[in-house]
Number of protein chains: 2
Amino acid sequence: MESRAQAGAAQRRRSASMADVARLAGVSSQTVSRVSNGSPGVVEDTRRRVLAAMKELGYRPNSAARALKHGEFRTLGVILFNLSTTGNVRTLEAIADSAAREGYAITLLPVAIPTQSEVDGAFTRLGELAVDGVIVIMEVHLLDSSTVSLPPHVQVVVVDSDAGDRYAVVDTDQRGGARAAVEHLLALGHRTVWHLAGPPDSFAAQRRTEAWLAALKEAGRPVPPLLFGDWSAESGYTVGKLVPEDCTAVFAANDQMALGLLRALHERGRRVPQDISVVGFDDIPESGSFIPPLTTVHQDFGEVGRRCVEGVLRQIRNRTAEHGTALVPTRLVARASTAPPPHAG
Amino acid sequence: MESRAQAGAAQRRRSASMADVARLAGVSSQTVSRVSNGSPGVVEDTRRRVLAAMKELGYRPNSAARALKHGEFRTLGVILFNLSTTGNVRTLEAIADSAAREGYAITLLPVAIPTQSEVDGAFTRLGELAVDGVIVIMEVHLLDSSTVSLPPHVQVVVVDSDAGDRYAVVDTDQRGGARAAVEHLLALGHRTVWHLAGPPDSFAAQRRTEAWLAALKEAGRPVPPLLFGDWSAESGYTVGKLVPEDCTAVFAANDQMALGLLRALHERGRRVPQDISVVGFDDIPESGSFIPPLTTVHQDFGEVGRRCVEGVLRQIRNRTAEHGTALVPTRLVARASTAPPPHAG
DNA sequence: TTACGCGATGTTTACGTAAACATCCAGGCG
DNA sequence: CGCCTGGATGTTTACGTAAACATCGCGTAA
């Protein structure tokens, strides 16, 4: 890649300040400030002159100075481990969107590997970061065990956690969704439902498992052994090869694992949904194109993101810390991967 | 959600400044600054006293003041349309990672809908934003047609564009990847290869299509009619229902469309790969779990992200604008969705 | 006519940091 | 023994903005 000296405007070392604009417009810098912020008390003629000067100099307000002045950055930080799960990505997307709508920018704080030192590092950086509030998309126990604390004036909202007693938590109604999945299968006539769970250290996975168990017990059904995956399609495939012949219904803790499961069942010649039913969780955009289209639990990530932003902003404005958990409801999307069980041989 | 007044440290309106630390440690604020920045010329005893004071007051450097002082924010902005395509997400992830490693934060600038006014809006916000450089993940013609220009001192790197003559561009080697896909199929013995293209307004899609065409022509093969999708699995499914019986090989412009294609073919009773071969593009994590596992072109998004960050930072440090295109190579991943064509009836 | 009020604009100041410069002190050397 | 050197530390200042306060001038009511 070649490079060339930057021409034109960039020769000016620093970009134009209010003082420059003021000089050109023949007013005081305070008047420029008033125009810039749309404050009243500037006569139309002056305002026009100032605007013209701004345009000529290519004036842009300096956000550092502005932040320094009134002590806020109009920026929210988002801490997350990675963008490899659909949920995190879609939540982030919704957060970015809502934040933009409120005039806040989003600063990303990725933590590559959830080790103690990584998390500490992120929080240290965060402490120096120009943010007014933070949204944490991860298991809160990692946040707790961190030796570095959040700056006291920074407000926090947490996703995917059970720390509602200490933080404001926004989460999908994991239990409700999992219960709906199980009940859907039971209603179709299945005697019981197997569960392909997510990794045991995930709160979301835990809650889905709990609800699966509770739903089975309430209905007085036998509880099959628990199967574990790691959220990946590959792990669903591996587990799928082990599902016994007498199993007629599986509830997978996410759509990716359901995908792998479908492939394993296909390879084994077990037809879905005629021989065995499968339900997923998340409703990723692709799930309607699986073979067969997947019945799954739809999560409203957009709503989760919106409530997160709403929550932090409220805390920032009121200068209070909130706690409690807000649950966003789910919805079962019935497609073609579920059907009544085959008649007993 | 209940709320309670925030207790303890938060009662102090503003957090501790250097002056506060200096007072407590009995030194000047300049000495605190030196300790804070690890500058030399502070005797060990003093340093310890300052550090203790910092800890006691929970001192955090104020990044706004720091930014105001030396005119840089140590932050990069990332402009993108959405996080719904795998490529964008993984690129963003890699960017965030590399940036963090360099001590830079990432500020997200989502543009919900790529309309002119939306893009303008993002750039306006950007102008006021606290960033030293920008990475644009989108078609550059939208950037060009924007009436709002980037602040002159902000350096730019663009992904997914052909604007290498005006900007520094980093992109996957779309052509090379598409050519590899076509050549792989021809080498297996297919007479020609159909192409399920992405939306015509995408440069990435255009380039994949061009390379497909070029590879066919070079080999002197007939060129089948072009099929179009919109990147979604659903569109792949729709198109898949229309693929004629005599087609033995399809190159889909991304893995999602390939997924839909697989389903349509499955429903029509056309076996993959025995009756028809399918190749995708991207190598999303799930593609190894499709039915059958998908042969696809692997994109190294990590490398793309890394080079973006490297590029902007170099421009920032050198105070120059670069141009030219850097291509990141791809790699064909052969799985189970491709095979020699069936023997002619 | 004069003084008062109020809208328009200007001036001062502080936000927290760090570069540049100033000062102070200990020790070495003529 | 006094001066000089250099390291440690303190003081001043500027970064760009905006709140708070000051001023100016014009219209209006007594």
Side-chain angles (χ1 to χ4, degrees), chain A residues 12-51 53-54 57-75 127-132 151-154, chain B residues 12-51 53-54 57-75 127-132 151 153:
Chain A
R12 202 177 298 109
R13 206 33 148 228
R14 311 191 151 280
S15 45
S17 75
M18 280 194 168
D20 301 319
V21 176
R23 208 169 306 124
L24 181 61
V27 299
S28 74
S29 64
Q30 183 56 47
T31 300
V32 177
S33 167
R34 281 190 268 256
V35 172
S36 173
N37 297 336
S39 310
V42 180
V43 93
E44 188 51 32
D45 182 55
T46 310
R47 155 185 241 79
R48 248 199 302 273
R49 226 170 49 245
V50 170
L51 287 174
M54 280 180 175
L57 296 176
Y59 169 75
R60 314 259 175 180
N62 178 317
S63 57
R66 197 173 265 183
L68 176 59
K69 194 73 179 87
H70 41 7
E72 66 169 32
F73 302 92
R74 296 194 76 75
T75 296
E128 308 185 0
L129 219 59
V131 298
D132 305 311
H153 60 283
V154 171
Chain B
R12 203 177 298 111
R13 208 30 151 234
R14 308 191 156 280
S15 45
S17 75
M18 280 196 168
D20 301 319
V21 176
R23 206 170 307 121
L24 181 61
V27 298
S28 77
S29 64
Q30 184 54 50
T31 300
V32 177
S33 167
R34 281 190 266 257
V35 171
S36 174
N37 296 336
S39 311
V42 180
V43 95
E44 189 49 33
D45 181 55
T46 310
R47 157 183 239 79
R48 248 198 303 272
R49 224 168 52 242
V50 171
L51 287 174
M54 280 181 173
L57 296 177
Y59 169 76
R60 313 260 176 180
N62 179 316
S63 56
R66 198 172 263 185
L68 176 59
K69 195 73 178 84
H70 40 5
E72 65 168 34
F73 302 93
R74 296 194 75 75
T75 295
E128 307 185 0
L129 218 59
V131 298
D132 305 311
H153 60 284

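Chain identifiers are assigned alphabetically (A, B, ...) following the order of the sequence lines, protein sequences preceding nucleic acid strands; residue numbering begins at 1 within each chain. Below, each value reflects all heavy atoms present in this structure, side chains not excepted, and no hydrogens, waters or symmetry copies.
Residue B:R66 has no polar side-chain atom (N or O) positioned under 4.0 Å from OP1 or OP2 of C:dG16. Between B:S29 and C:dT17, a side-chain N or O to OP1/OP2 separation shorter than 4.0 Å is absent.
When the C1' atoms of four end pairs are superposed on the next four at each end of the helix from C:dT1-D:dA30 to C:dG30-D:dC1, using five pairs per end, the two resulting axes differ in direction by 70°, to 10°.
Spacing between atom CZ of A:F73 and atom P of D:dT17 amounts to 16 Å, rounded to whole angstrom units. A straight line from CE of A:M18 to C1' of C:dT13 spans 16 Å, rounded to a whole angstrom. Atom CZ in B:R74 sits roughly 17 Å away from atom P in C:dT17 (whole-Å rounding). As rounded to whole Å, 16 Å separates atom P of D:dT12 from atom NZ of B:K69. Remark: C1' of D:dG16 and NE2 of B:H70 are 16 Å apart, rounded to the nearest angstrom. Per the geometry, CG belonging to A:L68 stands 18 Å off P belonging to C:dT13, to the nearest Å. Going from atom CZ of A:R23 over to atom C1' of D:dG16 covers 13 Å, rounded to whole Å. Going from atom CD of A:Q30 over to atom P of D:dC21 covers 13 Å, rounded to whole Å.
Note: A:R49 CZ to A:L24 CG = 10.0 Å, rounded to the nearest 0.5 Å. Distance OG1/B:T46 to CZ/B:R48: 9.5 Å, rounded to 0.5 Å. Here CG of A:L51 is found 8.0 Å from CD of A:E44. Values are rounded to the nearest 0.5 Å.
Contact record, A:Y59 with A:S17: CE1-C, 3.8 Å, taken as the closest heavy-atom pair. For B:L68 against A:L68, the heavy-atom pair with the smallest separation is CD2-CD2, 3.3 Å. Of all heavy-atom pairs between B:D132 and B:E72, the closest is OD1-CA, 3.4 Å.
Nearest to the side-chain atoms of B:A65 among the listed nucleotides C:dT9, C:dG16, D:dT9 stands C:dG16.
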Listed pairs under 3.5 Å, donor-acceptor, residues 29-40 of chain A side chains, sequence neighbours left out:
residue: A:T31; atom: OG1; partner: A:S28; partner atom: OG; Å: 3.3
residue: A:S36; atom: OG; partner: A:R66; partner atom: NH2; Å: 3.4
residue: A:N37; atom: OD1; partner: A:R66; partner atom: NH2; Å: 3.2

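For DNA chain D, the residues of residues 34-49 of chain B within the heavy-atom distance limit of 4.0 Å (strictly under) are B:R34, B:G41, B:V42, B:V43, B:T46, sorted by number.
Among the candidates B:V21, B:V50, B:V42, the single residue satisfying the side-chain contact (heavy atoms from CB on, under 4.5 Å) test with B:V27 is B:V50.
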